[in-house]
Amino acid sequence: MNSAPASTVAAPAVTAARSEAPAPTAVESDLQIAGDILAVQHLLQPAREHPATVAEFAGLARSIAEDRASWEHLVRYDATTRWYHRLRTGPGYEVWLLSWVPGQGSGLHDHGASSGVLTVLDGELTEHTPRGRLTHRPGTQRVFAPGYAHEVVNDTLEGAVSLHVYFPGLTEMPMHGCSPAHREQVSA
């Protein structure tokens, strides 16, 4: 009897018709899955007529800042007081344009129940807070919450212009006693 040991059993013959591995599945894009969003009108988010979030208010300020033709011709400088002009109002917000001659400042204040976005359009402004000092140049934005106390000053020798968006609209601007820009040391 010629029986081959188990370890020497021949492997099955490989045939010419090899089975191919399945092709990798293509990853579908969002467009392939959902279809063209522009063709499905109910999926589009309509542009808001008026901003409603902090990001949208900051975006509103940036878009106004970029449109110099809409505000530049309105700017006036007044050596006796800060000049301001209300540019726009909407449901629950207002937009103000302010100019600052060298040395002018706001005094230490907050904005009551309003939040805001401060955007420097021209020049340079220094913001003083109990935490320290920040320099803002054109394009700089500062977002603040209700009750945030600060003083804004033009510490340069050139005029400056800023844009302020308040939401809700500004109804009060309580002044605070001691300016962080001119804090004095009092000995005990």
Side-chain angles (χ1 to χ4, degrees), residues 42-156 159-183:
H42 69 280
L43 294 178
L44 289 176
Q45 292 288 329
R48 292 181 190 259
E49 183 178 349
H50 300 288
T53 66
V54 172
E56 290 172 346
F57 284 112
L60 170 66
R62 280 192 306 275
S63 68
I64 293 171
E66 292 168 0
D67 185 13
R68 290 186 74 88
S70 71
W71 57 264
E72 191 171 40
H73 66 284
L74 299 170
V75 175
R76 305 287 179 264
Y77 292 93
D78 186 335
T80 61
T81 186
R82 280 182 305 132
W83 173 89
Y84 51 90
H85 173 78
R86 187 165 47 197
L87 279 178
R88 184 182 301 183
T89 60
Y93 74 94
E94 57 188 15
V95 180
W96 291 87
L97 184 65
L98 282 75
S99 70
W100 310 75
V101 298
Q104 276 183 337
S106 64
L108 182 60
H109 67 282
D110 68 57
H111 303 91
S114 297
S115 294
V117 178
L118 161 70
T119 305
V120 176
L121 303 176
D122 275 330
E124 185 176 292
L125 293 172
T126 304
E127 179 183 23
H128 299 274
T129 71
R131 290 182 157 172
R133 170 186 169 151
L134 296 167
T135 300
H136 302 302
R137 293 179 177 83
T140 301
Q141 288 193 300
R142 181 81 164 145
V143 175
F144 52 87
Y148 174 75
H150 66 162
E151 178 179 24
V152 180
V153 180
N154 181 354
D155 285 333
T156 72
V161 179
S162 58
L163 184 79
H164 303 248
V165 179
Y166 298 109
F167 46 98
L170 196 60
T171 58
E172 62 178 328
M173 196 172 107
M175 300 303 290
H176 296 248
C178 182
S179 164
H182 303 99
R183 191 167 285 184

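Heads up: numbering here begins at 1 and tracks the sequence.
Listed here is the closest heavy atom pair of Ser63 and Leu60: OG-O, 2.8 Å. Scanning all heavy atoms of the two residues, the minimum distance from Leu97 to Trp83 falls at O-CZ3, 3.8 Å. Nearest approach of Pro168 to Ser114, heavy atoms of both residues: O-OG, 2.7 Å. Minimum heavy-atom separation, Ser115 to Ala145: OG-CA, 3.8 Å. Contact between Ala160 and Leu125 at its shortest, heavy atoms only, is CB-CD2, 3.8 Å. In plain terms, the two heavy atoms of Gly112 and Pro174 that are nearest each other are N-CD, 3.8 Å.
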Practice prompt. Carefully, step by step, assess His150 and Leu134 under the rule side-chain contact (heavy atoms from CB on, under 4.5 Å).
Written response: CA-CA 11 Å; His150 66 162; Leu134 296 167; over 6 Å; no
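Of the candidates Leu87, Val117, Val120, Leu163 forms a side chain to side chain contact (heavy atoms under 4.5 Å, CB included) with just one, namely Leu87. Looking at Asn154, Leu98, Val152 one by one, the single match for side chain to side chain contact (heavy atoms under 4.5 Å, CB included) with Arg82 turns out to be Leu98.
Within the model, atoms NE2 of His128 and CZ of Arg133 stand 5.5 Å from one another, a figure rounded to the nearest 0.5 Å. Here the NE2 atom belonging to His136 is positioned 10.0 Å from the CD atom belonging to Glu124, to the nearest 0.5 angstrom. Atoms CZ and CG, on Phe144 and Leu118 in that order, are 6.5 Å from each other to the nearest 0.5 Å. In this structure, CD on Glu151 lies 11.5 Å from NE2 on His176, to the nearest 0.5 angstrom.
Between Tyr93 and Phe57, the ring planes lie perpendicular to each other; the angle is over 60°, past the 30° to 60° tilted range. Ring orientation note: the planes of Tyr84 and Trp96 are nearly perpendicular, at an angle over 60° on the 30°/60° scale. Aromatic ring pairs are classed by plane angle as parallel below 30°, tilted from 30° to 60° and perpendicular above 60°; the pair His111 and His109 is perpendicular.
Residues that satisfy the salt bridge (charged side-chain N to carboxylate O under 4.0 Å, His left out) test with Asp122, not counting sequence neighbours, are Arg68.
Residues Glu127 and Thr140 fail the side-chain proximity criterion, which asks for heavy atoms closer than 4.5 Å. Between Arg142 and Tyr148 the shortest side-chain heavy-atom distance falls below 4.5 Å.
Side-chain atoms of His164 and Ser162 include a donor-acceptor pair closer than 3.5 Å. Using modelled atom types and a 3.5 Å distance limit, the side chains of Gln141 and Thr119 yield a donor-acceptor pair.
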